[in-house]
Novice: 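One structure, as C-alpha cells, below. Some questions next.
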Amino acid sequence: MLVARRLDEEAIALQRQGVLPAYAPAKGQEAAQVASGAALDLNRDFAFPTYREVGVAVGMGVDLAAYLASHRNIWHGGLYDPQSSRLAPLNAIVGGPVLHAVGWAMGAKLDGTGGAAIAYFGDGASSQGDVHEAMNFAGVYRLPVVFFCQNNGWAISVPTERQVAGGSVAARAASYGIESLRVDGNDALAVFEATRAALERAREGGGPTVIEAMTYRMGPHSTSDDPGRYRTLEDEQAWAGRDPLVVAAQQLTAEEVAAAEEHAAAVVREVRESLVSLDVRPGEELFSFVYREPTKSLLAQQRAWKEHLDA
Amino acid sequence: MLVARRLDEEAIALQRQGVLPAYAPAKGQEAAQVASGAALDLNRDFAFPTYREVGVAVGMGVDLAAYLASHRNIWHGGLYDPQSSRLAPLNAIVGGPVLHAVGWAMGAKLDGTGGAAIAYFGDGASSQGDVHEAMNFAGVYRLPVVFFCQNNGWAISVPTERQVAGGSVAARAASYGIESLRVDGNDALAVFEATRAALERAREGGGPTVIEAMTYRMGPHSTSDDPGRYRTLEDEQAWAGRDPLVVAAQQLTAEEVAAAEEHAAAVVREVRESLVSLDVRPGEELFSFVYREPTKSLLAQQRAWKEHLDA
Amino acid sequence: MPELSLQKALNLALQHACEDDDRVLIFGEDVGTLGGVFRVTDGLRAKFGEDRVFDTPLAESAIMGMAVGLAMHGWRPVPEIQFDGFSYPAVDQIVNQMARMHYRSRGVLNMPITLRLPSFGGIRAPEHHSESLEALFAHVPGLKVVSPSTPSEGYHLLRQAIADPDPVIFLEPKPRYWQRESFDPTEPVEVLPPGTSRVVREGKHATLIAWGAMVARCEQVAELAAEDGVELEVLDLRWLKPIDTDGLAASVAKTRRAVVIHEAPLTAGLGGEVSALITERCFGDLRAPVQRVTGYDVPVPSGELEEQYLPSVDRILTAVQTTLEYRRG
Amino acid sequence: MPELSLQKALNLALQHACEDDDRVLIFGEDVGTLGGVFRVTDGLRAKFGEDRVFDTPLAESAIMGMAVGLAMHGWRPVPEIQFDGFSYPAVDQIVNQMARMHYRSRGVLNMPITLRLPSFGGIRAPEHHSESLEALFAHVPGLKVVSPSTPSEGYHLLRQAIADPDPVIFLEPKPRYWQRESFDPTEPVEVLPPGTSRVVREGKHATLIAWGAMVARCEQVAELAAEDGVELEVLDLRWLKPIDTDGLAASVAKTRRAVVIHEAPLTAGLGGEVSALITERCFGDLRAPVQRVTGYDVPVPSGELEEQYLPSVDRILTAVQTTLEYRRG
Ligand SMILES: Cc1ncc(C[n+]2csc(CCOP(=O)(O)OP(=O)(O)O)c2C)c(N)n1
Ligand SMILES: Cc1ncc(C[n+]2csc(CCOP(=O)(O)OP(=O)(O)O)c2C)c(N)n1
Ligand SMILES: [Mg+2]
Ligand SMILES: [Mg+2]
C-alpha cells in the first residue's frame, strides 16, 4: 500500500516535471486497490482494470514502469504483458471492460480451467448500461466473476448521491440474484478478505459477487482536474482521518512502518528510473498490431509513412 | 379488451390473406395493454409503445387503422398523429424508447405541465442497458414516469428465467429507490388501478414506479414465428385458463358479453375496411420527412427519383 | 451434388467450423433452441450442446462484450446479432473494444471473433431490419468486413472468417438466404486471402461493382444490357475491408468505366471509397467519372416503399448509359 | 473588440442561445457544477439555474435518449458527450432514434437537438479522446454535421446549430479551444444555410479541403507553398453533412486539382465522399485525381506517436506536389 501511495506521489511529481503528460491519482484508494489485487490467484484469475488502478497493479505484482508507460503516453494499454501478468490492458471506457470480465468468466467456466475474473469499476460506471448487462448475464449464467466497485464518492464532479439512484451499488446485486457486500474500502484487511472469499466462491461454482468498497478519492480526478470547483475542503477533510495508510499504520509498529517506507522508496526509485528511461516506441508499431498480419493497404500506408520519415 | 382480441384475430387473418405482411399478436396481453392504456389522462400523459401494443392503442382510443398501417408496411411509425393521440410512434428497438419516456418526463417536470410518461417494454427488454440507464436517471431526478413491463414469459424463444437474473423486473426497482409492484397482468381491473395510481403519484411529484404485469403471450412472437420450437403445449395450456378475456367475462353477464362482442365486431369491421382501403403513401414522402426542410442534395435525389418514376 | 440454399450453406459452415475447432462458440439471441430467426444456427445446439451453442439475454452490447472476454480467454466466438439495425447498441464494444484489443495489448491478445449479421434490405421488413452498415464498419481500423452473394461463397467466406485471427464482420444478405446453388462444400477450394474480389461476369464496356444482394441485381442488369450489345463486367467485391484495389483497378483498366452500386444511403457510403480508389488508380484510363447508384439519403422506408428506395435495375441501367455516353465537358 | 478563444466563443454562444430561447437545455456529464472538462459550459449553471443546465449520471446512451424524449416534449436540448470516443455507446439512440423520429412521426415530432462533441486529435490525450466520427454521422440520414475551425465560426455555427429544427452533431476541434480571435459576437452576420463552406485563402494551383483543426494546418501548408510560388486555395468545408458540393466544384473548376485532408482513418473516411463528389462534378476539369491525406488505417495511437499518425504539413505538401506533377499515365 505504501508502494502504491509513494508511487502515486511520484507520478504526480513526474507529471509536474513534464515527464508524464497526465495522471489519474489513486490516493485514498490504496487499500481497496492493493488488497483486492493481492487477493487474486495469479495462476488462475484475471483482472480487468480501468484507468485508475495503479494500486491493483502493485497488488498483483505487475511491472509498474510498464503499467505507467500508459500515462507516459507511450502505449495506450501500457507496456506490460496482459497475458502473463493476468491484468487486462488499461481501459478508459467507463463500464465497457466489465463485460469482458463476464465473457472471460464464461470462458473459464466452459473449459473448467477454474479461474475467476475480477472487474474493477467506479460508482460512476455503475450508471452505464454495460454494467447492468454484465451483472444480468453473470446472474443468468452464474459465472465466476467478482464485480469490484470502488465507490470513491465521485465521478469527476458528480457525487454518488446524484449518480447512483437508491444510493448503493451493492444493493443492485440482490435484484440480479447475486451475492453482494459493502466493505470499508479503506480497511485493507477487510477488502482482502472479502475479495479472497468472493473469488474463491466464484472458482468453486458459487456464482458472482458484487463488492462495493466504500472509499474516497482524496486527490483530483486527474492531474488536469480542479476539485475546488465541485467539492469543499470540509468534504475532503472528513475523509482525511480515514486515510487507508493511517488506518494501516495503526496496526503496525514504528519499525514496520519505517521498513515499509524504505521498501517503497526503493521500489519507487527503481520504477521511476525505468519509466523515465523507457524509449518511445518506434512508429512502425502504428501498423504492427492492427491485425495479426497487416493487409496490403496497410503495408502500402506503412511504406508511405516510412518514406516521409526518411525524407 | 374484446375489441383488442377481435382486432388481433382480424390482423392475423389479414396476415394470412396477404393484406398484412407480418404482425405481432398481443393475444393474452389484452388486460395488461387495454387497462393500462385506459388509465392515462390523455390531456396530460404520454405513452411510449413497442411494436406489440395494439391493446394500448385500443385503451387510449388511438385511430386503429392508422396504428395497424405500420403492420401493413405503409409507414414504420404508423399513420396516427403521435402528438394528438399521446402515443409515440411504434418503436421496434427493444429497450430504446424507455429512455424517451424518461426524457419526456423530465420535460414535463421542468415546465410544470404536469403530465406523466408511461414506457411499455417487455421482460426481454429489461436486459438492455438502456432500461437500466432509464431507471437510474428516473431515480436520480425523481421523474414522473411509469415503467410498465409486460412480463409475458418469453422474449421470442427465451423464457424469463433465462433472461431476467433474479427473476423479477419489479424487484430491480427497489435498488434504484423506485416504487414498484407486481400485478396480475391478466386482471384488467388490477392493472387499471395500479397504473392509474402510479400515474397519479407521478403527476403529484411522487416519483417513478415500476409495474411488472405478469401475463403470457398466448400466440407466436410474430406471424413468422413457430413457438413449437421452444415451448410445449402444456406450457401454453397452463395459461389458457387464465386468458384475460375469460377472467373478465366472469365479471359480466351474458348480455354484457354479447353486447361487447357486438361492439367489437363493429369496430373491427370498420378498422378492417379503413385499413384495407388505405393508400400506399406516395414515394415523394421518402424525401419529405428527413429534415424539416430538405437539403439541396436531397432535392437533387428527389428529382432523380422522380425522373425514374416518370420514365 | 447437393443443392444448397445460402441459409443452409451458412449452417453447414458453422457446423464444420465447430467440428474442426472445439474453441468455436456460437451465441446470440434465439440462436440456440430456436435455431435463429433465419434458422442459420438450426440444429447446432443439438449437435454441439448447450455449452457451445447458447442463447443470450436480450442485450447486444453484452453479446459483443462477452465475445471480447471469451476471446481474451482463448475462445473463438461466433456471435450473432439478430438484425443489422440492432448492432448499433453494440457499436461501442465493436469499435472501442473488439477492434482495438489486439492493438491495445500490443499483439498479445487475439480477437478471432466473427460477428454474423443478417443485413441489407429487400425483404420488406419492419424498421431497423434492413440496414446496411458496411461503411461504418469498414472505417474502423482493426475490423475486417465481408459479405457473400451466393451459397458457395457464403460457405467458404464464413469458414474463412471464423478461421481468421482477427475480428470479422460477416454481413449476410437476407433476401438471398433462400437462393440455391449446387455445390459440394466438402470439396476443397483455393482460399484467396481477405481482400480479393470475384469477377462474376466478364465484360468490356463498363464494370459494375456490388456486394450482397446487389450482385444478383447487377447480373440482371448485365443480361439486359447484353441484349443491346453492351457487355458489362460484374465484380462481386465481397471483402468490404480490406478492399481489393488491385481487382478494381484491373477491371476498370480494361473497361474504362465503372458504376458502383449499394443499398446504403449515398453520402459517406462505401461507394465514395470505391469511387475514390478507382479514380486514384485509374485516372488516366477512366473515360467517365465513376457513377454511384445507391439508396437515397433517407431512412430505409417501410416495405411498400422499399423498392423505390433500393437501387433498381432501371436506375443502374441509367447510370450505365450515363457513363457510356459521357463526354468530357 | 474582444479577443475570444474558441472555448469562450462557444460558451458565449450557449449563453446567448439560453437567453434567446428558454426551451434550450444544457446537460451532460460534468457540464453543470464543473462547467465541463473544457469549461465550455462554465458559468452557465449559475446564470440559468439547475433546471436549464444540469449534470447527468454517467451514461451516454441515456443522455441522448433523454434528449430525444425532451425534444418530443417540445424542448431544445443541447447535450454534451464529454469526448468523441464516448459517443459510441450512444450511437443507437443517435442513429436509430434521434435521426429518425421526425421521419418516423411523418414530420409531427421535431428533433431540434444539438449534440456538442469535443472531437479530433492533436492534444496527445488518452485512448478514446482523439477520435474523428464525422464519416459515421455524415452517413446517417436525418443528421446534420458541422465543425468550426475558428472562434467566430464556432460562435455562429453553434448558434445556427441550436436554432436548427433538425438534429445537428457539432464537432468541436479540441486543439483549437485556446485559439484566439478578435471579433464581436453581438455583431449581426449573414447566416449562410447549412451546407455552405468558406474559402479561407484564395489560390489557383490546387484546392486544399479540410475541417476542424486541419484547416489551420492547411493554412500553414499554403504559406509554405506560397514561398515556392504555389498558390493554394484553402477551403474550410465546415458542414460535413450536408456537404457544399457547389462550393467544392466552384473551387476545383478554378484550380483543377484538389487535396482533401482529414484526421480520421483513410478507408471509408469522409475524404472518399469528397473525392467522389469532386470527381463527379469536375471530371472534365480535373488535371489529377483528388489526393487524400488522412490518418492511417490504425487506431489513434498514444500521444508520443500521435504526430506520426496525423496528417503532417510534410505529408500534405507531398500530396500537393503529387497533384501538381501528375501526368495522365
Ligand atoms: C464511456 C465513457 N464516458 C465518459 C468518460 C469520461 N470519464 C472518465 S472517468 C469519468 C468518471 C468515472 O467515475 P467513476 O466510475 O466513479 O470512477 P473514478 O474516476 O471515480 O475512479 C468520466 C465521466 C469515459 N472515460 N468513458
Ligand atoms: C435492440 C433490439 N434487439 C433485438 C430485437 C429483436 N427482437 C424483437 S422482439 C424481441 C424479443 C422481445 O422480448 P420482450 O421484450 O419480452 O417483448 P415481447 O416480444 O415478449 O413482447 C427481439 C429479440 C429488437 N427488435 N431490438
Ligand atoms: Mg468514482
Ligand atoms: Mg416478453
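Each chain gets a letter, A, B and so on, in the order its sequence line appears, and its residues count up from 1. Since the model is a prediction, treat every value here as computed from it, not as a measurement.
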Novice: The test is side-chain hydrogen bond (donor to acceptor under 3.5 Å, both in side chains); show your working for A:Gln302 and A:Glu284 and say whether it passes.
Specialist: CA-CA 7 Å; A:Gln302 187 174 15; A:Glu284 264 90 5; 5.2 Å; no
Novice: Could you tell me which of A:Asn136, A:Asp130, A:Asp111 has the largest number of non-hydrogen atom pairs under 4.5 Å with chain C?
Specialist: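 It is A:Asp111.
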Novice: Under the side-chain hydrogen bond (donor to acceptor under 3.5 Å, both in side chains) rule, what do A:Glu285 and A:Ser288 come out as? Steps first, then yes or no, please.
Specialist: CA-CA 5 Å; A:Glu285 291 190 352; A:Ser288 319; 5.8 Å; no
Novice: Salt bridge or not for A:Arg303 and A:Glu307, using N-O below 4.0 Å?
Specialist: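 Not counted as a salt bridge, because no side-chain N and carboxylate O are separated by less than 4.0 Å.
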Novice: Measuring heavy-atom distances to chain C, does A:Val140 have an atom under 4.5 Å in its side chain, in its backbone, in both, or in neither?
Specialist: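 For A:Val140, the contact with chain C is made by the side chain alone.
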Novice: When rounded to the nearest 0.5 angstrom, what is the spacing between CZ in C:Arg198 and CD in C:Glu153?
Specialist: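 So the CZ of C:Arg198 and the CD of C:Glu153 are separated by 4.5 Å.
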Novice: Checking an interface table here. Which of residues 242-249 of chain C come within a heavy-atom distance under 4.5 Å of chain A?
Specialist: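 If one takes a 4.5 Å heavy-atom cut-off, the residues of residues 242-249 of chain C near chain A are C:Pro242, C:Asp246.
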Novice: Within residues 108-115 of chain C, which positions have a heavy-atom distance to chain A below 4.5 Å?
Specialist: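 Against chain A, the residues of residues 108-115 of chain C that fall inside the cut-off (heavy atoms, under 4.5 Å) are C:Val108, C:Leu109, C:Asn110.
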Novice: Based on non-hydrogen pairs under 4.5 Å, which of A:Leu79, A:Leu99, A:Ile93 is most in contact with chain C?
Specialist: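 Option with the greatest count: A:Leu99.
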Novice: When heavy-atom pairs shorter than 4.5 Å are enumerated against chain C, which of A:Leu298, A:Asn91, A:Val98 gives the highest number?
Specialist: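 Ranked by contacts with chain C, first place is A:Asn91.
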Novice: Counting heavy-atom pairs under 4.5 Å with chain A, which one of C:Met66, C:Met64, C:Arg106, C:Arg23 comes out on top?
Specialist: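 When all of C:Met66, C:Met64, C:Arg106, C:Arg23 are compared, C:Arg106 has the most.
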Novice: Mind ranking C:Leu25, C:Leu70, C:Asn96 by heavy-atom pairs under 4.5 Å with chain A and telling me who comes out on top?
Specialist: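 Heavy-atom pair counts peak at C:Leu70.
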Novice: Using side chain to side chain contact (heavy atoms under 4.5 Å, CB included), reason through C:Tyr88 and C:His128 one step at a time and then give a plain yes or no.
Specialist: CA-CA 10 Å; C:Tyr88 291 112; C:His128 313 292; over 6 Å; no
Novice: Answer with side chain, backbone, both or neither: which region of A:Leu286 has an atom nearer than 4.5 Å to a non-hydrogen atom of chain C?
Specialist: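 Contact with chain C involves both backbone and side-chain atoms of A:Leu286.
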Novice: Any side-chain donor paired with an acceptor under 3.5 Å for A:His76 and C:Arg100?
Specialist: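 There is no such pair (donor and acceptor under 3.5 Å, judged by atom type) between the side chains of A:His76 and C:Arg100.
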Novice: Heavy-atom pairs under 4.5 Å with chain A - which of C:Arg52, C:Lys241, C:Lys144 has more of them than the others?
Specialist: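 Between C:Arg52, C:Lys241, C:Lys144, the count favours C:Lys144.
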Novice: Has the side chain of C:Thr41 got a donor or acceptor atom that lies under 3.5 Å from a matching backbone atom of C:Val31?
Specialist: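 Yes; judged by distance alone, with no hydrogens or angles, the pair exists.
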Novice: Among residues 73-86 of chain C, which residues come closer than 4.5 Å to chain A, judged by heavy atom distances?
Specialist: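 Within residues 73-86 of chain C, the residues under 4.5 Å from chain A are C:His73, C:Trp75.
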Novice: Measure the acute angle between the ring planes of A:Phe289 and C:His102, then classify it against the limits of 30° and 60° as parallel, tilted or perpendicular.
Specialist: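 Aromatic pair A:Phe289/C:His102 classed perpendicular.
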Novice: Taking atom types as modelled and ignoring hydrogens, do the side chains of A:Arg52 and A:Gln150 form a donor-acceptor contact shorter than 3.5 angstrom?
Specialist: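 Checked: A:Arg52/A:Gln150 side chains show no N/O donor-acceptor pair below 3.5 Å.
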Novice: If you draw a 6.0 Å radius around NZ in C:Lys254, do more than 12 non-hydrogen atoms from other residues or ligands fall strictly inside?
Specialist: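 Yes, the 6.0 Å shell around NZ holds more than 12 heavy atoms from other groups.
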Novice: Given a strict heavy-atom distance threshold of 4.5 Å, which part of A:Thr113 is in contact with chain C: side chain, backbone, both, or neither?
Specialist: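 Only the side chain of A:Thr113 comes within 4.5 Å of chain C.
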Novice: Do other residues, nucleotides or ligands put more than 12 heavy atoms under 6.0 Å from C:Glu19 CD?
Specialist: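 Atom CD in C:Glu19 is packed in, count exceeds 12.
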Novice: Quick check on the interface: out of A:Phe48, A:Tyr80, A:Trp104, who has the most heavy-atom pairs with chain C under 4.5 Å?
Specialist: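 Ranked by contacts with chain C, first place is A:Trp104.
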Novice: Under 4.5 Å from any heavy atom of chain C, what part of A:Thr295 do you find: side chain, backbone, both or neither?
Specialist: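 Just the side chain, heavy atoms under 4.5 Å.
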Novice: Between A:Lys109 and chain C, which part of the residue has a heavy atom less than 4.5 Å away: side chain, backbone, both or neither?
Specialist: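 Contact with chain C: none, neither part.
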Novice: May I ask you to check whether A:Glu179 and A:Thr209 show a side-chain donor-acceptor distance below 3.5 Å?
Specialist: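 Their side chains do not contain a donor-acceptor pair, so the 3.5 Å distance test is not met.
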Novice: Heavy-atom cut-off 4.5 Å, strictly under: side chain, backbone, both or neither for A:Ala108 against chain C?
Specialist: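 Contact with chain C involves both backbone and side-chain atoms of A:Ala108.
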Novice: Using distance alone, with no hydrogens and no angle criterion, decide if A:Glu133 and C:Gln93 have a side-chain donor and acceptor under 3.5 Å apart.
Specialist: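 Per modelled atom types, A:Glu133 and C:Gln93 side chains form no pair under 3.5 Å.
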Novice: Checking an interface table here. Which of residues 54-63 of chain C come within a heavy-atom distance under 4.5 Å of chain A?
Specialist: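 Within residues 54-63 of chain C, near chain A: C:Phe54, C:Asp55, C:Thr56, C:Pro57, C:Ala59, C:Ser61, C:Ala62, C:Ile63.
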